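Quick notes on the structure that follows.
In this chain, residues are counted from 1 in sequence order. Read the numbers this way: they start at 1 and go in the same order the structure lists the ligands and their atoms. Small disclaimer: the values here were computed from a predicted structure and weren't measured.
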Amino acid sequence: MNSSRLLSRRQTLQALAGITATGALASALPAFAASPTPLKDLAAEKGLLFGSAVGAGKPGTLTGSFENARYRELLKAECNVLVAENEHKIYVIANQPDRYDFEPADRLTNFALENGMKMRGHTLFWNRVDFLPQWVLNYDFGPFPAIEGERFLRDYIETVCNHYKGRIYSWDVVNETIDPQTGLVRDTPFTKAMGFDALRVAYEAAREYAPGTELVYNDYMGWEKGNETHRNGVLKLLEKFKKENVPIDAFGVQSHLGNDGRIDNIQHKEWKAFIDEIVGMGYNLLITELDVNDKDLPADIKTRDAQQAAVTKDYLDFMLSYPQLKAVLCWGLVDNYSWLQGFAPRADGKPQRPTPYDTDFKPKPIREAIAAAFKAAPAR
Ligand code: XIL
């Protein structure tokens, strides 16, 4: 709630009750005073979008946040942009050959648009064998693989982009195509068939079939030690995209903080050099999947929360110093729906606390850190 609204409620109540003493008033209004300004409003004041991933999976599962009415209310209260956690991926849209299923993705997209939020798309081409459906991995590209590969990618991207015409403002066209171990483009049936052109075709098709949409390259290289090869590989890729005029508008920094098991071995200088180079090439920036992996942090909740909040504030202060950064999205808003509960469970069996809200939907220090960083950020 913003202060002008607070003031008018206060004035109204004062008038109604005839209360003039501030002490009496303060005790009459604790609930109003405690409710924080929505993150989307703090973001909007600085020309930013704020949002979250949401999943249309089975109710009660990690990917089923959308089925929880409280979660939907929280999204409406805090966000002005949403992204589907899995529903726009090929393994949902085209899990079987010759059969498109847009139903779960449409449920999320319609919810966002009907509630005045923007929708991001994630992702048209996750060029990684672990996340391509079996029928695609087995696909026979025939005697002219480069031609058939291009036809396949163009057809898929055309179908998806036509389905969402004008409704998705920003697409992660290619996701995670750099192998963190080698810094090279990952091998997949598409790169085997087409080489680098697999990536080029994906962006050209997206530009053609989703004109006016922000086109993003998205990856997870972190600012912690151990990410050097991954960062260098991403830089080389972004340079090549520029040199070859591949149509890309922005770089999506996933921002899964602490995903290498530590949140404290940060390479501030190297990270700054990395981001400087990227904005120097003319790319805008987005934080697309913010969360904090606390797998190796102390069990004590106060300590854990404080450490997570501190690293979030440090990270956001730095990233927000770039006017090129246009949006901040969390990978989920409530701890018990976080993918990290399954992907990176704690050794002590206690649940992770990677997001801004706890399981009871109470705001946590990570949320305060995001709010404080937005308040301190320069306008863009
Ligand atoms: C994850 C989802 O959260 C999981 O539900 C799913 O099983 C696997 O994918 N980087 C990405 C996201 O680009 O798509 C991933 O989402 C998290 C890491």
Residues at least two apart in sequence or cross-chain that pass side chain to side chain donor-acceptor pair (under 3.5 Å) with Tyr322, listed by chain then number, are Asp276
Name all residues meeting the side chain to side chain contact (heavy atoms under 4.5 Å, CB included) criterion together with Asp179; count only those two or more places apart in sequence or in a different chain, and write none if there are none.
Gln181, Thr182, Arg186
Taking side chain to side chain donor-acceptor pair (under 3.5 Å) as the test, write out the residues that go with Glu103, two or more places apart.
Arg107
Assign the ring pair Tyr156 / Tyr100 to parallel, tilted or perpendicular, where the plane angle (0 to 90°) is split at 30° and 60°.
parallel
Pairwise, report which nitrogen or oxygen atoms of ligand 1 are under 3.5 angstrom from protein nitrogen or oxygen atoms, and how far apart they are.
from: ligand 1; atom 1: 3 (O); to: Glu85; atom 2: OE2; distance (Å): 2.5
from: ligand 1; atom 1: 3 (O); to: Trp331; atom 2: NE1; distance (Å): 3.0
from: ligand 1; atom 1: 5 (O); to: Glu85; atom 2: OE2; distance (Å): 3.3
from: ligand 1; atom 1: 5 (O); to: Asn86; atom 2: ND2; distance (Å): 3.0
from: ligand 1; atom 1: 9 (O); to: Lys89; atom 2: NZ; distance (Å): 3.2
from: ligand 1; atom 1: 10 (N); to: Glu176; atom 2: OE2; distance (Å): 3.0
from: ligand 1; atom 1: 10 (N); to: Gln254; atom 2: OE1; distance (Å): 3.2
from: ligand 1; atom 1: 10 (N); to: Glu289; atom 2: OE1; distance (Å): 3.0
from: ligand 1; atom 1: 13 (O); to: His122; atom 2: NE2; distance (Å): 3.2
from: ligand 1; atom 1: 13 (O); to: Asn175; atom 2: ND2; distance (Å): 3.0
from: ligand 1; atom 1: 13 (O); to: Glu176; atom 2: OE2; distance (Å): 3.4
from: ligand 1; atom 1: 13 (O); to: Gln254; atom 2: NE2; distance (Å): 3.3
from: ligand 1; atom 1: 13 (O); to: Glu289; atom 2: OE2; distance (Å): 3.0
from: ligand 1; atom 1: 14 (O); to: Lys89; atom 2: NZ; distance (Å): 2.7
from: ligand 1; atom 1: 14 (O); to: His122; atom 2: NE2; distance (Å): 2.7
from: ligand 1; atom 1: 16 (O); to: Lys89; atom 2: NZ; distance (Å): 3.4
from: ligand 1; atom 1: 16 (O); to: Trp331; atom 2: NE1; distance (Å): 3.4

Should the pair Arg231-Glu228 be classified as a salt bridge under the 4.0 Å nitrogen-to-oxygen rule?
no
Less than 3.5 Å apart, any donor N or O on the side chain of Asp249 or Asn284 sitting next to an acceptor on the other?
no
